[in-house]
Undergrad: 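Structure below; questions to follow.
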Amino acid sequence: MKGDRVEIVVDAGDTTRTYQVVASRAGRRVETSVRRGVVEVSEVTRSGSVVRTARFMATRVLALVEHPVPRTDVEVPLREDPGS
């Protein structure tokens, strides 16, 4: 969803660097995966096409923080329990 974002903190030798991947348009989402020692964070469209990708060596990644968009849908109970 638009506004989804992932922060990646990477060890850059004597300092750390922070990168962000953000779902920039409506209908896009951010997906993360770890394969063969590589952390991959991608912005993906509704149809599954990858818009952009950030790749990092897993041994260098210190933190991976996902920030999903807060949902505005409020769950409404279908009916109340007659016993209460």
Side-chain angles (χ1 to χ4, degrees):
M1 294 183 59
K2 181 178 179 180
D4 278 351
R5 102 186 131 96
V6 175
E7 289 182 73
I8 306 103
V9 181
V10 179
D11 178 18
D14 59 340
T15 186
T16 60
R17 292 192 181 188
T18 303
Y19 299 92
Q20 289 189 9
V21 176
V22 181
S24 57
R25 293 190 179 182
R28 293 188 180 172
R29 63 188 184 278
V30 179
E31 294 182 349
T32 60
S33 63
V34 180
R35 296 184 197 137
R36 295 187 174 206
V38 176
V39 176
E40 191 173 280
V41 182
S42 302
E43 182 180 357
V44 181
T45 62
R46 286 181 185 155
S47 63
S49 302
V50 176
V51 177
R52 60 187 172 139
T53 301
R55 290 185 182 100
F56 306 94
M57 292 174 45
T59 56
R60 294 288 185 180
V61 174
L62 301 174
L64 186 86
V65 183
E66 296 180 351
H67 299 280
V69 175
R71 293 189 55 144
T72 57
D73 300 341
V74 178
E75 288 189 25
V76 179
L78 298 176
R79 63 184 176 105
E80 294 195 19
D81 187 19
S84 56

Undergrad: Can you tell me which residue pairs pass the ring pair (Phe, Tyr, Trp, His ring centres under 6.0 Å) test with a partner in residues 8-57, sequence neighbours excluded?
TA: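 As it turns out, the ring pair (Phe, Tyr, Trp, His ring centres under 6.0 Å) pairs with a partner in residues 8-57, which skip direct neighbours, are Tyr19-Phe56.
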
Undergrad: The criterion is side-chain contact (heavy atoms from CB on, under 4.5 Å); which residues satisfy it with Arg55, sequence neighbours excluded?
TA: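 Testing Arg55 for side-chain contact (heavy atoms from CB on, under 4.5 Å), a comparison that skips the adjacent residues, returns Val38, Glu40, Thr53.
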
Undergrad: Side chains of Val51 and Thr45, heavy atoms from C-beta outward: is any pair under 4.5 Å?
TA: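 Val51 vs Thr45: side chains touch.
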
Undergrad: Under the rule for side-chain contact (heavy atoms from CB on, under 4.5 Å), what residues qualify as partners of Thr59, not counting sequence neighbours?
TA: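 Scan of Thr59 (side-chain contact (heavy atoms from CB on, under 4.5 Å), adjacent residues dropped) gives Met57.
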
Undergrad: Can you see which heavy atom on Asp4 is nearest to which on Pro68, and at what distance?
TA: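 Taking Asp4 first and Pro68 second, the nearest heavy atoms are OD1-CA, 3.5 Å.
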
Undergrad: Are Val41 and Val44 connected in the hydrophobic side-chain network, where two residues link if heavy atoms are under 4.5 Å apart?
TA: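 No, Val41 and Val44 fall in different hydrophobic clusters.
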
Undergrad: Apart from Leu62 itself, what residues make up its hydrophobic cluster when side-chain heavy atoms of I, L, V, M, F, W and Y under 4.5 Å apart count as a link, directly or indirectly?
TA: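 Val9, all in the cluster of Leu62.
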
Undergrad: Suppose we screen for side-chain contact (heavy atoms from CB on, under 4.5 Å). Which residues come up paired with Gln20, at least two apart in sequence or across chains?
TA: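 In terms of side-chain contact (heavy atoms from CB on, under 4.5 Å), with neighbours along the sequence ignored, Gln20 is linked to Arg5, Glu7, Val22.
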
Undergrad: Suppose we screen for side chain to side chain donor-acceptor pair (under 3.5 Å). Which residues come up paired with Arg17, at least two apart in sequence or across chains?
TA: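 With neighbours one apart ignored, the set is empty.
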
Undergrad: For Glu43, give me all partners under salt bridge (Lys or Arg N to Asp or Glu O under 4.0 Å), at least two apart in sequence or on another chain.
TA: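 If we apply the salt bridge (Lys or Arg N to Asp or Glu O under 4.0 Å) test to Glu43, skipping adjacent residues, the hits are Arg28, Arg52.
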
Undergrad: Listed by chain and number, what are the side chain to side chain donor-acceptor pair (under 3.5 Å) partners of Thr16, not counting sequence neighbours?
TA: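 Here no residue qualifies.
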
Undergrad: Does any part of the side chain of His67, heavy atoms only, come nearer than 4.5 Å to the side chain of Val6, both counted from C-beta?
TA: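 SC-SC contact between Val6 and His67 ruled out.
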
Undergrad: If every non-hydrogen atom of Val30 is compared with every non-hydrogen atom of Ala23, which pair is closest and at what distance?
TA: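 What the structure gives for the nearest pair is CG2-N, 3.6 Å.
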
Undergrad: Any carboxylate oxygen within less than 4.0 angstrom of a Lys/Arg side-chain nitrogen, looking at Asp11 and Arg60?
TA: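 So Asp11 pairs with Arg60 through a salt bridge.
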
Undergrad: State which residues pass side-chain contact (heavy atoms from CB on, under 4.5 Å) with Thr15; sequence neighbours excluded, sorted by chain then number.
TA: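 side-chain contact (heavy atoms from CB on, under 4.5 Å) list for Thr15, sorted by chain: Ala12.
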
